[in-house]
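All ligand and atom numbering here is 1-based and tracks the order in the structure.
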Amino acid sequence: MAGSVAPALELQDIRCTFRAREGGESYTAVDRSTLRVEAGEFVSVVGPTGCGKSTLLNVAAGLLVPSAGTVRVFGQPLQGINARAGYMFQAEALLPWRTAEQNVMLGLQYRGLPEAEQRAQAQRWLARVGLAGFGDRYPHQLSGGMRKRTALAQTLVRDPDIILMDEPFSALDVQTRQLMENEVLELWAGDGRRPAPTPERASSEGRHAGAGGAGRKAVLFITHDLDEAIAMSDRVVVLSAGPATRPIGEFVIDLPRPRDVAEVRNQPRFVELHAQVWAVLRDEVIKGYAQQLQRGVA
Ligand SMILES: Nc1ncnc2c1ncn2[C@@H]1O[C@H](COP(=O)(O)OP(=O)(O)OP(=O)(O)O)[C@@H](O)[C@H]1O
Ligand SMILES: [Mg+2]
């Protein structure tokens, strides 16, 4: 690998077969799937409902061991949980009995930092996601958007080199969602301008500046919203309908940055890209829907 930087994430020929309970047929959700995210790259994966998007993300996170294929993280084979990645789930992941600040601190606890340092970092991140002054609220005292912001802070406080997001904003109303999308883009782009870690931070966290160690994070973003995917990404990957889902199309999104996710949709190039991707995605969405109905009655 001399002279080249390994991709942040490399899924090679992945197959995921789920065993059925008592005598039923097993189901191969994903097959021959190869997917790469370069260091600092923002990649979205779109595909019909039930096709295997979360399955692939779980493989990337190390939460699910594939039936076949390999996963590499910055060139190293993945074993166990992907420690270089932060994961933001579709579902609410905050602990209801902990305040926003305590929830964000959870992201740091395993590092063994002193509690005061954990608290300081949590406060810094709550402020960065627009929640300064809300740290003592419990999740039920926050709006849906604020809870998502807290979850974002919880993910980013660990300073992961890779961010895995599984439809993180799909439960939000359109306006809040666009605000959050823009904020994620700003935070992500801001990291590209961030100076290298201070010596104090580098030593306290035992980090070394390797590929992706400083600068923009690699993002793997799962969504079934094509507009969201195009507005945010450097590259959009389209998955086929299941079973045996695999990538069937890949589109480089050459829209200039910085982008405003609401405004970028009006650009002619956006409309053109949307038509190109949709031409591939449309048939899969129809197939995926038909298959779900069939499996439902089988
Ligand atoms: N643990 C499991 N056991 C059996 N089948 C599973 C399991 N996990 C996922 N599946 C099946 O694999 C397929 C892919 O599921 P997955 O959750 O990855 O889809 P998805 O693309 O994320 O869907 P959605 O868009 O609805 O979130 C589905 O048909 C699902 O029923
Ligand atoms: Mg899913």
J.: Does R269 pair with D254 as a salt bridge, N-O distance under 4.0 Å?
T.: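 Salt bridge flag = yes for D254 with R269.
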J.: Test of understanding: given a 4.0 Å heavy-atom threshold, classify the contact between A29 and ligand 1 as side chain, backbone, both, or neither.
T.: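 Just the side chain.
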J.: Is there a protein heavy atom at a distance of less than 4.0 Å from atom 2 (C) of ligand 1?
T.: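 Yes, at least one protein heavy atom sits under 4.0 Å from atom 2 (C) of ligand 1.
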J.: Salt bridge (Lys or Arg N to Asp or Glu O under 4.0 Å) with E228: which residues, sequence neighbours excluded?
T.: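 In terms of salt bridge (Lys or Arg N to Asp or Glu O under 4.0 Å), with neighbours along the sequence ignored, E228 is linked to R177.
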J.: Is the F42 ring parallel, tilted or perpendicular to the F221 ring (thresholds 30°, 60°)?
T.: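 Tilted.
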J.: Identify the heavy atoms of P139 and N103 that sit nearest to each other, and give their distance.
T.: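 Answer, listing the atom of P139 first, then N103: CG-ND2, 4.0 Å.
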J.: Check ligand 1 against T55 and write out every atom of the ligand that is under 4.0 Å from a heavy-atom position of the residue.
T.: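 Result: 14 (C), 15 (O), 16 (P), 18 (O).
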J.: Can you list the ligand 1 atoms lying under 4.0 Å from a non-hydrogen atom of E167?
T.: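 Matching atoms, with element in brackets: 25 (O).
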J.: Please round to the nearest 0.5 Å and tell me the distance separating atom CG of L56 and atom CG of L64.
T.: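 Spacing of CG (L56) from CG (L64) equals 9.5 Å.
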J.: Less than 4.0 angstrom from a charged side-chain N to a carboxylate O is my criterion; do R246 and D31 meet it?
T.: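 Judged by the 4.0 Å cut-off on N to carboxylate O distance, R246 and D31 do not form a salt bridge.
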J.: What residues form a salt bridge (Lys or Arg N to Asp or Glu O under 4.0 Å) with D136, not counting sequence neighbours?
T.: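 By the salt bridge (Lys or Arg N to Asp or Glu O under 4.0 Å) rule, D136 matches no residue at all.
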J.: Would you say K217's side chain and P160's backbone share a donor-acceptor pair under 3.5 angstrom?
T.: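 Yes; judged by distance alone, with no hydrogens or angles, the pair exists.
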J.: With a cut-off of 2.8 Å, how many protein N, O or S atoms neighbour the Mg ion (ligand 2)?
T.: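 With waters ignored, the protein N/O/S count below 2.8 Å is 1.
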J.: In terms of residue, atom name and distance, what is the protein heavy atom nearest to atom 30 (C) of ligand 1?
T.: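 Looking at atom 30 (C) of ligand 1, the protein heavy atom closest to it is R295 NH1, 4.5 Å.
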J.: Give a yes/no verdict on whether any heavy atom in G47 is under 4.0 Å from an atom of ligand 1.
T.: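 No.
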J.: Give a yes/no verdict on whether any heavy atom in R19 is under 4.0 Å from an atom of ligand 1.
T.: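 Contact absent.
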J.: Closest non-hydrogen protein atom to atom 19 (O) of ligand 1, residue and atom name please, with distance?
T.: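 The closest heavy atom on the protein side is G52 N, 3.3 Å.
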J.: What do the steps show when you test R84 against D161 for salt bridge (Lys or Arg N to Asp or Glu O under 4.0 Å), and what is the final call?
T.: CA-CA 6 Å; R84 304 281 298 264; D161 298 317; 2.6 Å; yes
J.: Is there a heavy atom of G242 sitting under 4.0 angstrom from any atom of ligand 1?
T.: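 Contact check G242 vs ligand 1: negative.
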J.: Mark up the atoms of ligand 1 that fall under 4.0 Å of a heavy atom belonging to S54, in ascending order.
T.: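 Those qualifying, in numeric order: 17 (O), 18 (O), 20 (P), 22 (O).
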J.: For E183, is there an ion pair with R149 - N to carboxylate O distance below 4.0 angstrom?
T.: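 Salt bridge: yes.
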J.: Purely on distance, is any nitrogen or oxygen of F18 under 3.5 Å from one on ligand 1?
T.: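 Looking only at distances, the answer is no, because the N/O contact criterion of under 3.5 Å is not met.
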J.: Would you please name every residue forming a side-chain hydrogen bond (donor to acceptor under 3.5 Å, both in side chains) with Q12, sequence neighbours left out?
T.: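 Q12 satisfies side-chain hydrogen bond (donor to acceptor under 3.5 Å, both in side chains) with no residue once adjacent residues are dropped.
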J.: Of all the non-hydrogen atoms in the protein, which one sits nearest to atom 13 (C) of ligand 1, and at what distance?
T.: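 Scanning the protein heavy atoms, the shortest distance from atom 13 (C) of ligand 1 goes to G50 O, 3.4 Å.
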